[in-house]
Amino acid sequence: MDDGDHGPERQRRRLTVPLSAMASESDLLYARRLLVVHRPRAVVRRVCTGCGKAWPCLDTLYAWAVTGGRE
């Protein structure tokens with residue numbers, strides 16, 4: 001079965017009408033609420049200098065358990 005309407009040329013076309021023009025008032029309100037909650041944030045990760053895995057790595061956790069503290 002020839003499915004010519006779903007070829008790569010057809011899929012790459014730009015929309016002539018923006019999606020926001022087709023959204024209802026409740027859709028816009030819901031989308032604005034989502035944007036308030038889903039803001040970007042900076043994330044800082046600690047990495048173990050010994051093995052390069054996320055810190056505290058298993059070796060660090062083991063050492064803390066054996067020594068009884070965080071030294």
| query | Looking at residues at least two apart in the chain, or sitting in another chain, which of them share a side-chain contact (heavy atoms from CB on, under 4.5 Å) with A23? | reply | D27, L28
| task | List, by chain and number, the other hydrophobic cluster members for L34, where Ile, Leu, Val, Met, Phe, Trp and Tyr join if side-chain heavy atoms come within less than 4.5 Å, directly or indirectly. | result | Y30
| query | Quick one: hydrophobic cluster around V44, which other residues, with the 4.5 Å side-chain cut-off, linked directly or via members? | reply | none
| Heavy-atom pair with the smallest gap, counting every atom of W55 and C48 | CB-N, 3.7 Å
| Atom SG of C51 and atom CG of L58: how far apart are they, to the nearest 0.5 Å? | 8.5 Å
| message | Would V47 and K53 count as a side-chain contact (heavy atoms from CB on, under 4.5 Å) here? Give the steps. | response | CA-CA 6 Å; V47 179; K53 295 181 182 174; over 6 Å; no
